[in-house]
Trainee: 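The structure's right below; bear with me while I get my questions together.
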Amino acid sequence: MRPIVQISLDLTNITEAIETAHMAMRAGVDWLEAGTPLILAEGLHGVRALRAEFPDTPIVADLKTMDGGYLEAQMMAQAGATHVVVMARAHEETIRCVVNAGRDFGVKVMGDNMVCPDMVDGAKWLEDLGCDFVIHHIGYDERRGIAARGSRMPSPMDQLREVCDAVKVPVQAVGGLSIEQAIACPAHGAPLVVLGAPLTIDAESFKTADGDLESSLRMICDAVHAHNDSA
Ligand SMILES: O=C([C@H](O)CO)[C@H](O)[C@H](O)COP(=O)(O)O
């Protein structure tokens with residue numbers, strides 16, 4: 001699969017999300033993600049607003065479904081999402097419901113293995129239940145909590161190769177990746193590169209010397225897409 005760059009719009013209002021999305025699209029980003037904070041703050045209106053502004057761009061709705069899977073996926077699909085996210089720790093029936101809704105409403109299902117006791121098994125489980133993609137995800141609270149107690153912060157890079165080798169569906173690594181790690185994901189077998197907090201929440205530190213975030217993002221997109229040429 002050709003490497004894809006996705007930007008997670010982990011923002012809390014539509015105006016800021018659309019502004020950031022325009023900058024990201026100009027820089028060469030392929031997919032937009034309505035991040036969990038945006039979905040909490042703006043709900044379906046946030047997804048509809050992104051769809052209206054970007055009619056042809058894939059939109060991942062990171063709704064982290066745990067229950068009521070069919071309806072949640074249906075609502076997001078009807079609002080304009082092309083991809084929905086269900087958690088591996090949800091009940092098996094919930095994952096099946098999301099997969100069924102994905103088929104009925106023409107959206108792809110991304111299964112997230114966050115907090116699985118065995119993340120490789122979690123990834124296989126999601127694939128076996130029919131998810132189209134696996135998100136290999138170390139959660140925000142988990143990472144920070146473990147580091148605050150003095151242990152090494154876990155990273156999705158730790159088991160990324162194992163997860164990619166265990167499943168046939170494309171894998172995306174999420175959770176505290178540096179820009180360098182994100183760019184390296186395709187070389188580890190994970191073609192879906194997500195750029196999150198560093199570019200949306202902590203944007204100041206990623207601007208170029210002349211203060212241009214868009215140029216930084218363009219360099220990142222070019223580096224990820226170039227992997228295709230050498231693959
Ligand atoms: O999904 C996320 C998390 O569970 C909080 O909602 C974030 O989008 C994800 O963890 C972002 O990761 P970074 O941007 O790499 O911090």
Side-chain angles (χ1 to χ4, degrees), residues 4-13 16-17 20-21 23-24 27 29-43 46-47 50 58-67 72-73 76 81 83-90 98 108-116 119 122-123 126 131 133-148 152-160 163 171-186 188 190-207 213 216-217 220-221 223-224:
I4 295 287
V5 182
Q6 171 181 326
I7 188 164
S8 66
L9 300 165
D10 283 334
L11 299 163
T12 52
N13 71 77
E16 220 183 328
T20 305
M23 182 274 295
V29 162
D30 305 287
W31 293 5
L32 299 172
E33 175 191 322
T36 311
L38 183 64
I39 289 178
L40 286 171
E42 303 278 13
V47 177
L50 286 172
I59 296 174
V60 177
D62 186 14
L63 69 167
K64 294 191 173 66
T65 293
M66 280 300 290
D67 195 16
E72 287 196 6
M76 284 296 161
H83 296 67
V84 293
V85 178
V86 64
M87 305 309 288
R89 296 297 301 263
V98 175
K108 298 289 182 195
V109 177
M110 306 180 85
D112 186 324
N113 71 356
M114 188 169 76
V115 211
C116 281
M119 301 195 83
L126 290 164
C131 292
F133 298 88
V134 163
I135 303 173
H136 174 51
H137 189 176
I138 308 287
Y140 180 82
D141 295 336
E142 178 184 353
R143 293 191 318 265
R144 291 163 61 92
I146 289 175
R152 179 185 155 275
M153 187 184 277
S155 163
M157 300 310 278
D158 298 341
Q159 281 192 294
L160 183 56
V163 168
V171 174
Q172 179 177 74
V174 179
L177 296 185
S178 66
I179 295 296
E180 291 71 23
Q181 287 174 322
I183 291 171
C185 282
H188 288 83
L192 297 170
V193 174
V194 194
L195 302 168
L199 282 154
T200 52
I201 293 165
D202 189 22
E204 283 307 310
S205 52
F206 285 92
K207 287 180 177 169
L213 179 60
S216 305
L217 187 50
I220 296 165
C221 290
V224 171

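Just follow the structure's listing: the first ligand is 1, and inside any ligand the first atom is 1.
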Trainee: Identify, by atom number and element, the atoms of ligand 1 in contact range of R143, meaning under 4.0 Å from any of its heavy atoms.
Mentor: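 Matching atoms, with element in brackets: 10 (O), 16 (O).
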Trainee: Do D158 and R152 have side-chain heavy atoms sitting under 4.5 Å apart?
Mentor: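 Yes - at least one pair of side-chain heavy atoms lies under 4.5 Å apart.
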Trainee: Are any of the N/O atoms on H137, whether in the backbone or the side chain, positioned under 3.5 angstrom from an N/O atom of ligand 1?
Mentor: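 Right, the criterion is met.
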Trainee: With a 4.5 Å cut-off on side-chain heavy atoms, are I138 and M153 touching?
Mentor: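 Heavy-atom side-chain distance check fails, nothing below 4.5 Å.
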Trainee: How are the rings of F133 and H83 set to each other: parallel, tilted or perpendicular (split at 30° and 60°)?
Mentor: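 Ring orientation of F133 relative to H83: tilted.
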Trainee: Pairs of nitrogen or oxygen atoms closer than 3.5 Å, one from D62 and one from ligand 1: do any exist?
Mentor: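 Indeed, backbone or side chain, D62 has an N or O that close.
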Trainee: Please could you name the atoms of ligand 1 that T36 approaches to less than 4.0 Å, counting only its heavy atoms?
Mentor: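 Here the atoms of ligand 1 in question are 6 (O).
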Trainee: If hydrogens are left out, which of Q181, K64, R144 has an atom nearest to atom 6 (O) of ligand 1, that is, the closest non-hydrogen atom?
Mentor: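 The nearest heavy atom belongs to K64.
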Trainee: With a 4.5 Å heavy-atom cut-off, do I39 and M76 have their side chains touching?
Mentor: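 A side-chain contact exists here, since the closest heavy-atom pair is under 4.5 Å.
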Trainee: Check V194 against ligand 1 and report side chain, backbone, both or neither, counting heavy atoms closer than 4.0 Å.
Mentor: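 The answer is neither.
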Trainee: Hey, which of M114, R89, E72 is the one that makes side chain to side chain contact (heavy atoms under 4.5 Å, CB included) with K64?
Mentor: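 When M114, R89, E72 are each tested with K64, the side chain to side chain contact (heavy atoms under 4.5 Å, CB included) holds only for M114.
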Trainee: Using a 4.0 Å cutoff against the non-hydrogen atoms of D10, which atoms of ligand 1 qualify?
Mentor: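 Counting atoms of ligand 1 from 1, those under 4.0 Å from D10 are 7 (C), 8 (O), 11 (C).
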Trainee: Are any of the N/O atoms in G176 less than 3.5 Å from those in ligand 1?
Mentor: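 There is such a contact, yes.
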Trainee: For ligand 1, is G35 a contact, meaning one of its heavy atoms is under 4.0 Å away?
Mentor: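 Outside the 4.0 Å threshold, so no.
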Trainee: Please state which option from A173, G175, G196 has its nearest heavy atom closest to atom 12 (O) of ligand 1.
Mentor: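 That would be G175.
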Trainee: Measure the shortest side-chain to side-chain distance between D62 and S8 over non-hydrogen atoms and say whether it is less than 4.5 angstrom.
Mentor: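 Side chain of D62 against side chain of S8, heavy atoms only: no contact under 4.5 Å found.
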Trainee: If you measure from SG on C185 to CE on M157, what distance do you get to the nearest 0.5 Å?
Mentor: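 The SG atom of C185 sits 4.5 Å away from the CE atom of M157.
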